[in-house]
Every structure is written in C-alpha cells, then in structure tokens.
Engineer: 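Mind having a look at this structure? Questions to follow.
Atoms within a ligand are numbered from 1 in the order they appear, just like the ligands themselves. The figures here come from the full heavy-atom set of this structure, side chains too, leaving out hydrogens, waters and symmetry mates.
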Amino acid sequence: MTQNPSAQPAQSPFPQASIHVATTSRSYPIWLQPGLLAQAGERLASLLPAKRAIVVADEAVWHRHGQALADNLAAAEFSFHILTVAGGEGSKSYSQLEQLLERALALAPDRQTAVIAFGGGVIGDLAGFAASILLRGLPFVQIPTTLLAMVDSSVGGKTGINSPHGKNLIGSFYQPHAVLIDPTVLTTLPHRQLLAGYAEVVKYGLIADPDFFAWLERHGAAALDGDAAKLCYIIERSCFHKAAIVGQDEREGGVRALLNFGHTLGHALEAALGYSDALLHGEGVAIGMVFATELSQHLGLIAPEVAKRVRQHLTAVGLPIDHRHLPAVAQDPQSLLTLMATDKKAVAGRLTFVLLDALGHALVQRDVPSATVSALLAVERVDGRCLAD
Ligand code: GLY
C-alpha cells in the first residue's frame, strides 16, 4: 500500500491518488485523478505489454465520454477498436457474452491485446469475464464510470455474468492490470446512481473505518452535491479499504466476506424484485446495512446509538432504509427468508449475516435465528427512526 492505513486526513491534500492493490495473482495500481481520461494512453502504454486494445464500452458512456478516451489512446499511438454494449443488468447474459466474444475474436486479438472496460459494474463484470477467457486470458484494464464501480466492483477482480439461477453465478476472479478513475465523469451520472454507489462508500466506514463514517456524516452530502475534492476523497478512501481487504483475501476465503455487509437482505430484495430498476444494487445495500446494524443491536453486539446513526445518515443523504416501502413482492418476510437462506454466500441454508460488533468493525455471523430476522423484517423505519425502538 502506498498509504498509511491509520492516516485519516479530513480531505486529501491533492485530488489524486495512486493506491496499490497487491493480490496473490497480480499487483496493480488504482490511479485516481480528475481529468485522467485525457492521460489514459500514456498511463496504459507504461504498463501494458503492447499498444493494442479492445475497448468494451457502455454505449451511453461512450457517447458522453468516449471521445476523450479515444483521442488520448490515438495520441499515445494505440491501435484500438471500440465494442459498445448496452448498459443494464441484462447485458450480463450468456447471449451478450457470446456476442462480445465473437465480436472480439473477429478483431483477431493476440495475447498482448488488452481489453479495456469503460463503463459501470455491468460492463466491468462482462468485459472482465470475457478478458479472462479470450485466448485463455488477455490483459485487462478497468476504467469505471459510476461511483459504485469506482469504489467497489472495478477493484478486486470479480468478473462474471448472471444465470437464470441467479446473479453472478458464472464468473472468475481475474485481476485487472490497472484501474483508472477519472471522477469528472461522475458529473453526468444520474443522482440516483451516484447515491446508490455512495451506499458502498458508507459500508467501508461501517465495517472498517469509524473516523471515515464520522467524516461522511459531516461531509458526505457535500460530496454528493458535487464538491469535487470531497468526492475524490471518498473514492480514494473507499479504494484504499477495498485494496487492503482484497490484498489480504483475494478469493473471499475470509476477510473479503465482510464486504458483503448489507448484502444478505440487499441481494434478497434485488432478487425478489427481479433485478429491476425498482431497486438499484446500492439502494438494496443501504436497506440491508440498516437491517444488519439493527440485527447487530438486537443480538447485543452494538449500542442502539450506532443503528440510529446509520439510519440517520443514510436518510439524510436520501438513501432508502426500509424494505417495507418497496413493492409488495419485496415485503413478504417468508419469501425474503427463503431468498436469504439460498443466497450463494449462505452455507447449507444457514442464515448468514455480516454484523457489526462496533462502529467500524464487522464479523460474519452464521446461524442467525430466523425468528429474530423475521421479527425485525416486520418492523418499520421512518425518517431515520426504527419504530420498534
Ligand atoms: N463487492 C464485493 C467484493 O468485491 O468482494
């Protein structure tokens, strides 16, 4: 790591960072800097085996920001092709993967041709998986363009597509050669998407960094309102934690599982709603983090004050905190319990949650009693309050 984990600057002195991710399979930089798209070519030329690339881009993102990237790759004398893909979870399918592989193979890549993912989590997951199996593995670069992808999915090497049996069930761990983050692209990201990514930012504070959570309570809203330096800082701090965790546990045999904080209920809600726009992933995580924090309180692991702070902060920035305000299909406790018990992270149908035993410290708890979970699912939360308290 190029940073001291104990350093807690109120704000980065410079709105740029280079964080190093060191996993067993590959070590790579995360470059974070406003305007970085206009330097992508030189940066990548310094680290890729050849100046040949296939850019897999979200078609809407390409329309808005592609020219800056294309101009710079050309200026750095890259020979490259653009393959656009529709954004949205539907692109993480067998058919889209097959089309992408065939379109890429038609370009006659060799083993030094890099695949560059340019888009949000869907594009990163799809392009990363394609890179991992094309010619048994091509160099891969992530250029995330959503907050969620910048702070979570572009770092750590999880790639894949969905199956009719569930989300992300087909995939690989395949680390990129670099992650390039240009936060200026977030100015065109819809606010709802920005907020959804912010849920994953809050997650790092809750599981690993209480001072960061306190900083977010004071400054998170300003970052979301467009304060560029603060936005840069929350991306940097989040990537720092993500890098630290995947550096210890690349394949989720231990500490990486803590990144699933808020995801047990969050995933069940997404599944209940058919992964539709009714609930974005980060919104499900926000609701799930509130639920997991309250569960931690009910199991005597943390004081009620912690759960209150989590509810209040998420409410203050505009994230949802209660599944009971979602469509009816996501409200039935029995269906949610079944979905949580069959989640791919659950082992042998045991209800598994990541819980807090302090603000800034998490643990994996297996065999959480279903009666406790069910009772808590029946409770309503309004305006930052839990009506059971
Ligand atoms: N998004 C959770 C992980 O990368 O492990």
Side-chain angles (χ1 to χ4, degrees), residues 19-28 30 89 92 117 119-129 131-132 140 142 144-162 166-176 178-179 181 193 196-209 234-235 237-271 275 279-289 292 340 343-347 352-355 362-364:
I19 294 166
H20 200 68
V21 187
T23 69
T24 357
S25 65
R26 182 171 292 130
S27 291
Y28 55 95
I30 304 169
E89 202 62 33
K92 282 175 58 175
V122 165
I123 300 298
D125 285 6
L126 174 69
F129 188 40
S132 77
F140 175 49
Q142 288 267 21
T145 60
T146 62
L147 182 60
L148 191 126
M150 290 176 186
V151 300
D152 183 22
S153 60
S154 69
V155 178
K158 281 190 180 174
T159 78
I161 58 166
N162 303 327
K167 207 176 164 183
N168 295 329
L169 292 185
I170 319 290
S172 58
F173 284 98
Y174 193 63
Q175 301 294 340
V179 181
I181 302 177
Q193 295 276 355
Y198 183 78
E200 299 279 3
V201 172
V202 173
K203 181 184 78 179
Y204 295 111
L206 294 176
I207 67 170
D209 190 343
I234 68 174
I235 298 168
R237 204 72 207 147
S238 301
C239 287
F240 168 78
H241 284 297
K242 181 88 193 245
I245 290 170
V246 300
Q248 291 170 65
D249 175 22
E250 181 178 4
R251 299 179 71 90
E252 205 167 303
V255 70
R256 187 165 181 167
L258 301 181
L259 293 172
N260 296 321
F261 179 62
H263 286 57
T264 307
L265 179 58
H267 276 159
L269 296 171
E270 282 185 276
Y275 304 100
L279 185 75
L280 300 180
H281 175 70
E283 294 169 340
V285 169
I287 295 170
M289 290 194 301
M340 289 191 273
D343 185 86
K344 73 175 184 299
K345 304 266 167 43
V347 178
T352 302
F353 281 86
V354 178
L355 299 178
L363 53 92
V364 175

Engineer: Looking at Phe140, does the NZ or CZ of Arg26 lie under 6.0 angstrom from its six-membered ring centre and within 45 degrees of the ring axis?
Structural biologist: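 No, Arg26 and Phe140 do not form such a contact.
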Engineer: Are any of the N or O atoms of Lys158 closer than 3.5 Å to those of ligand 1?
Structural biologist: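 Yes, since at least one N or O of Lys158 sits under 3.5 Å from an N or O of ligand 1.
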Engineer: State plainly whether the residues Arg237 and Asp209 are in salt-bridge range, i.e. N to O under 4.0 Å.
Structural biologist: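 So Arg237 pairs with Asp209 through a salt bridge.
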Engineer: Atom CG in Asp152, atom CG in Leu259: separation rounded to 0.5 Å?
Structural biologist: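 Rounded to the nearest 0.5 Å, the CG-CG separation comes to 7.0 Å.
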Engineer: Output the distance between atom NE2 (His281) and atom OG (Ser153), rounded to the nearest 0.5 Å.
Structural biologist: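 Between His281 NE2 and Ser153 OG, I get 8.5 Å after rounding to 0.5 Å.
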Engineer: Which of the numbered atoms in ligand 1 are under 4.0 angstrom from any heavy atom belonging to Glu252?
Structural biologist: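 Heavy-atom distances to Glu252 below 4.0 Å select 5 (O).
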Engineer: Please verify whether a non-hydrogen atom of Lys242 lies at under 4.0 Å from ligand 1.
Structural biologist: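 Lys242 counts as a contact of ligand 1 under the 4.0 Å cut-off.
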Engineer: Provide, to 0.1 Å, the distance between atom 5 (O) of ligand 1 and the closest protein heavy atom, together with that atom's residue and name.
Structural biologist: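 For this ligand atom, the closest protein heavy atom is Arg256 NE, 2.7 Å.
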Engineer: Going by the atom numbers of ligand 1, which of them fall below 4.0 Å from some non-hydrogen atom of Asp152?
Structural biologist: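 Here the atoms of ligand 1 in question are 1 (N), 2 (C), 4 (O).
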Engineer: I need the minimum non-hydrogen distance between Leu279 and Glu270, along with the two atoms involved.
Structural biologist: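 Leu279 and Glu270 have their closest heavy atoms at CD2-N, 4.0 Å.
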